[in-house]
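Read the structure below first, then the notes.
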Amino acid sequence: MQEQYPFAEIESKWQAYWRAQGQFKADLSKTDRKFYCLMMFPYPSAALHVGHGRNYIIGDAVARYKKMRGYNVLTPMGWDAFGLPAENAAIQTGTHPRLTTLANIATMKRQLDAWGCCYDWDCEVTACLPDYYRWTQWLFLQFFKRGLAYKALAPVNWCPGCAAVLANEQVIDGGCWRCESPVQEKRLEQWFFKITAYAQRLLDDLAKLKGWPERVKLMQQNWIGRSEGALLEFPLVPRPDGRCDSAKSVGCFTTRVDTIYGCTYMVLAPEYPDLPELVRGLPQETPVRQFIAQAIKITAAERAGDAGEKNGVFTGRLVINPYTGEKIPLWVGDYVVMSYGAGAVMAVPAHDTRDWAFARKYGLPIRLSIQNPEKTLRLETMAQAYVEDGLTVDSGAFTDLPSAEARARMTAYAVEKRFGRAFVAYRLRDWLISRQRYWGAPIPIVYCQACGIVPVKEKDLPVLLPEDVEFKPTGESPLARCPDFINTSCPTCGRSARRESDTMDTFVDSSWYFLRYLSACDERQAIQTELCNRWLPVDQYIGGIEHAILHLMYARFFTKALYDLGLVGFDEPFANLFTQGMICKRSAKDGQLYKMSKSKGNVVSPDELIRKYGADTVRLYTLFIGPPEKDAEWSDQGIEGAARFLKRLWRFIYAHHAVLAAAKPVRPELATLNARERELYRKAHETIQAVTGDLEGAFHFNTAVARIMELLNAVEAIQLAAGARDQEKAVMRFALETIVLLLSPLAPHIAEELWVELGHAPGILQVAWPTADPAALARDQVEIALQLNGKFRGTMMAPSGSDRQALEDLALAQPQIAKTVKREQVLKFVVVPNRLVNIVVKS
RNA sequence: GCCUGGGUGGCGGAAUGGCAGACGCAUCGGACUUAAAAUCCGAUGGCUUAACGGCCGUAAGGGUUCGACUCCCUUCCCAGGCACCA
């Protein structure tokens, strides 16, 4: 054993050992005590930085810990390898995305190895290779067959930066999730997955996800946005010019039917499909058309940013309030959203903030239909809408009912009179999956003049991405300009036809990869149902909070759809989810704290740090940096602490190597230990207990590392001499072995090496995780806190398990108490056995 | 605006009703060294005291309790999610 901690040498040695021994090869045939440990697979950008590392280091620590606890652990890794950055790089440099992607994968794989993160590489999947995307296409066809994939003309989010459309989930604050360009609304024909068909199940089944963070479930719940209400038809008053309308009524969705008697007008969204027809030939046609043109032009971001200012125009048409028979004006307004509910709202200005503002602006009537419990609302004195529930007033047969009851009875009335029904609206929209870009899985569809939209035959999959393509983005897929790709024959009639030129959103690729790991090399089928049913749901999923809605909702949707298709026998993919916080670093430019990213120029490369300190140091610091679910600031100085700790551990074992080697390998006998030995022995067991609790429960790696550091501090406080008693040597050896074992999931290389130096056979992962001995944890004497009227007044020692009376007597006998307090003065003793005595006296 | 988290030394953080500040970073002092680095030892919330000690202190204010960083109420601030969603 050498004096200096030779991290570089031992790290490559043990990495080779793990690989050679196949330490992380899962035996898929055995599923008793199975543990599927999954980390979100990375997008192969240029290289990993220490911020990415948190995910893999936590995952690796969990996998190693579970292995030592005797689980059959599956930890696969793969690559979310399709995506825009590689294509954008190709536009700039001319290098094909396939080449840069594969080169990046090689780099990142090397980095993961260097970190000591171990995976079963036999299960590796790479989303951009035909043997993977072939099955992504196959799944698309299954969805298509079931009507879950459809093409529709719809207003979509267009990102001018990426020259492609985006799904709703990919629009953040009106901008593109990737490049932050303001998103524009366009009407385009696009492919969608019918995720809304699963809205209710996605919502309901959140309750099943006991092992998910509450905030992630809440975010999904908000995103799905379920609202219960009623769908009501307002009959159209016939046109003044006597011509006919194709629609007889205008439907609207409301959650507040109870306010209907206060409804004084109705508003349509500018995009309302029937609107042009409704106004055709009327004097209002021109102003309405102008208004529509203007409203549609402004982007979603502008609309959101300008919330508050509401604009609209009268359509010249009237509708009839089906409850009152009253004729009310029909308006068009830019505050009504087409894609929610029915694209129309019944306006109750007295009881809705937006309607209030609109009515005030355009001088529309305001009528009170809900009274507050104090019955103090007067229209003349109201400064804003009263939006709470209350009691109905001036509501005909429904007057004087509590809001909830009014809603129930009014909805029932609508059903009875056949002008409405109860309805549930969701905020969730269908998932727009087509992208006008090259580097993705082609959508396996063919357009035939005669047969229309025709799916590619399954036996003809994959639809291969052509190699030689002009990448420049124009808003049309580069594939559309590739005649060899585009021109094909119809799978049904054989006549000449065109291929779909759009590719799939890369979130499609990542919605099922965790299933493919179980059969990565299967050329006959996408998913091995039996195997998946035995290994899933995933026991522990680990990834970033940024996917709380995006990937995590898409993957849940896919799993449910595949369940319905009979391809898997479970309907939730991830039983337990852990979302780690991001690693941030101050920017050298402006001193602000940013998420580590290449664009901010604040990345720290692991390569250099591993060269300087070793992988174990980087791992230990990454785990110690703070609570893993919270964001943390990377500190170049902080890592020194982790480095010092490992060096101290190494040096201590080096310095006592001979003594320890000479020690008889005996288990310490409690009864024969002296006080000092007993203390260290207990500390070791306390550490086992604490660290196990930290790893088992909520992944408190930061406190686990702190406990192990404490144990080393206690060890170092004892100078073990060559002539020390056998018992002392035995306790010392036990404490050191405990440190090494507890450290092995966190800093595995040094743990393997020191385990061997302590005289054991190689292969610490095969060693059982230690358990704390209750007898060793027990104490004869305990320290008890003394309080006088709740204020701390020192401590005293007492025999463990002393009863209340004994503790009271002992407390009164303590000099600092006896000085000022006599028993007669005591009003009350508060005794917490083994912890505290509080003496309450009259003050 | 609504919904979630948070706010503790110079810094990252620990403690979830019972000795606030574990562990680490930084800083200061000392040892070793010709010197420096590395390493080791010690100090390190504020005020006060010659000292023992005392008082104050977990965003602010109030409450519950023998006892509150922890529970409750009010306010402020920060972060995240949703947002003309009817």
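Predicted, not measured: the structure shown is a model, and the values here were computed from it. The sequence lines fix the lettering, A, B, ..., with proteins before strands; numbering per chain opens at 1.
Within the 4.0 angstrom heavy-atom criterion, base atoms lie near A:N838. Among the atoms of the strands shown, only primed sugar atoms or phosphate atoms (P, OP1, OP2) are found under 4.0 Å from some heavy atom of A:I625. Within the nucleic acid shown, A:K791 comes within 4.0 Å of sugar-phosphate atoms alone, with no base atom in reach, counting heavy atoms only. If you check every strand for non-hydrogen atoms under 4.0 Å, A:L218 touches sugar and phosphate atoms only. In this structure, A:S339 reaches neither bases nor backbone, as no heavy-atom distance under 4.0 Å exists between it and the strands shown. Counting any heavy atom pair closer than 4.0 Å across all strands shown, A:N702 reaches sugar-phosphate atoms only and no base atom. Using a 4.0 Å heavy-atom cutoff across all strands shown, A:Q787 reaches at least one base atom of the nucleic acid. Looking at heavy-atom distances under 4.0 Å, A:R427 makes contact with a base.
For B:C82, the OP1/OP2 oxygens have no side-chain nitrogen or oxygen of A:R226 closer than 4.0 Å. Phosphate contact (OP1/OP2 of B:A83, side-chain N/O of A:R354, threshold under 4.0 Å): absent. Applying the 4.0 Å criterion to OP1 and OP2 of B:C3, one finds that A:R215 has every side-chain N and O outside that range. Close to B:G18, at under 4.0 Å from its OP1 or OP2, lies no side-chain N or O of A:N834. Phosphate contact (OP1/OP2 of B:C23, side-chain N/O of A:R707, threshold under 4.0 Å): absent.
When both distances must be under 3.5 Å, the Watson-Crick or G-U wobble mate of B:G10 is B:C25. If you check B:C82 for Watson-Crick or wobble pairing at under 3.5 angstrom, you find it paired to B:G1. The partner of B:A15 cannot be assigned: no Watson-Crick or G-U wobble pair with both contacts below 3.5 Å exists in any strand. Pairing for B:C52 is absent, judged as Watson-Crick or G-U wobble with the two contacts each under 3.5 Å. B:C40 is paired with B:G30 under the Watson-Crick or G-U wobble criterion, all donor-acceptor distances under 3.5 Å. With a 3.5 Å ceiling on both atom-pair distances, B:G67 lacks any Watson-Crick or G-U wobble partner.
For A:L786 and B:G18, the CG to P distance is 17 Å, given to the nearest whole Å.
Note on A:R779 versus A:E686: salt bridge recorded, some NZ/NE/NH1/NH2 to OD/OE distance being below 4.0 Å. No salt bridge links A:K595 with A:D631; every basic N to acidic carboxylate O contact stays at or beyond 4.0 Å.
Nucleotides B:C2 and B:U75 have their P atoms positioned 11 Å apart, rounded to a whole Å. B:U74 and B:G80: their P atoms are spaced 25 Å apart (whole Å). Of the C1' atoms belonging to B:C72 and B:C82, the separation is 28 Å, rounded to the nearest Å. Comparing the C1' positions of B:A14 and B:A22 gives a spacing of 5 Å, expressed to the nearest Å. For the P atom pair drawn from B:C78 and B:A86, the interatomic distance equals 28 Å after rounding to whole Å. The separation of B:C52 from B:A59, taken at their C1' atoms, amounts to 35 Å, rounded to a whole angstrom. Only the C1' atoms considered, B:U64 is 13 Å distant from B:U70, to the nearest whole Å. Separating the C1' atom of B:A15 from that of B:C76 is a span of 26 Å, rounded to the nearest Å.
Listed candidates were B:A86, B:G54, B:C19. Nearest to the side chain of A:T255 is B:A86. Comparing B:A86, B:U39, B:A14 by their nearest atom to the side chain of A:T703 picks out B:A14. Comparing atom distances between the A:V840 side chain and each of B:C66, B:C19, B:G81 picks out B:C66 as nearest. Checking B:C23, B:C25, B:C66 against every side-chain atom of A:M709, the shortest atom distance belongs to B:C23. Among the nucleotides B:C82, B:C19, B:G12, the one closest to any side-chain atom of A:I549 is B:C82. Here the nucleotide nearest the side chain of A:V337, chosen from B:C19, B:C85, B:C23, is B:C85. Which of B:C84, B:G24, B:U39 sits closest to the side chain of A:K647 comes down to B:U39. For A:R835, the listed nucleotide lying nearest its side chain is B:C19; candidates were B:C19, B:A86, B:C23.
For A:Q805, the CD atom counts as densely surrounded, since its 6.0 Å shell holds more than 12 non-hydrogen atoms of other residues, nucleotides or ligands. Shown here is A:Q781, whose CD atom has more than 12 heavy atoms of other residues, nucleotides or ligands within 6.0 Å.
Side-chain atoms of A:K310 come within donor-acceptor range of the base of B:C84, with a qualifying N/O pair under 3.5 Å. Not a single donor-acceptor contact under 3.5 angstrom links the side-chain atoms of A:E640 to the base of B:G24.
Listed for the A:Q220 side chain is a donor-acceptor partner under 3.5 Å among the backbone atoms of A:A548.
Take the nearest nucleotide of RNA chain B for A:E710 and for A:I545: the residue whose nucleotide is more 5' is A:E710. RNA chain B is contacted by both A:R648 and A:W223; A:R648 maps to the nucleotide lying nearer its 5′ end (nearest heavy atom per residue).
The ring of A:F645 has its center no closer than 6.0 angstrom to the ring center of A:F624. A:F419 has its ring centre less than 6.0 Å from the ring centre of A:Y323.
Side chain to side chain, A:T392 and A:D258 fail the donor-acceptor criterion of an N or O pair below 3.5 Å.
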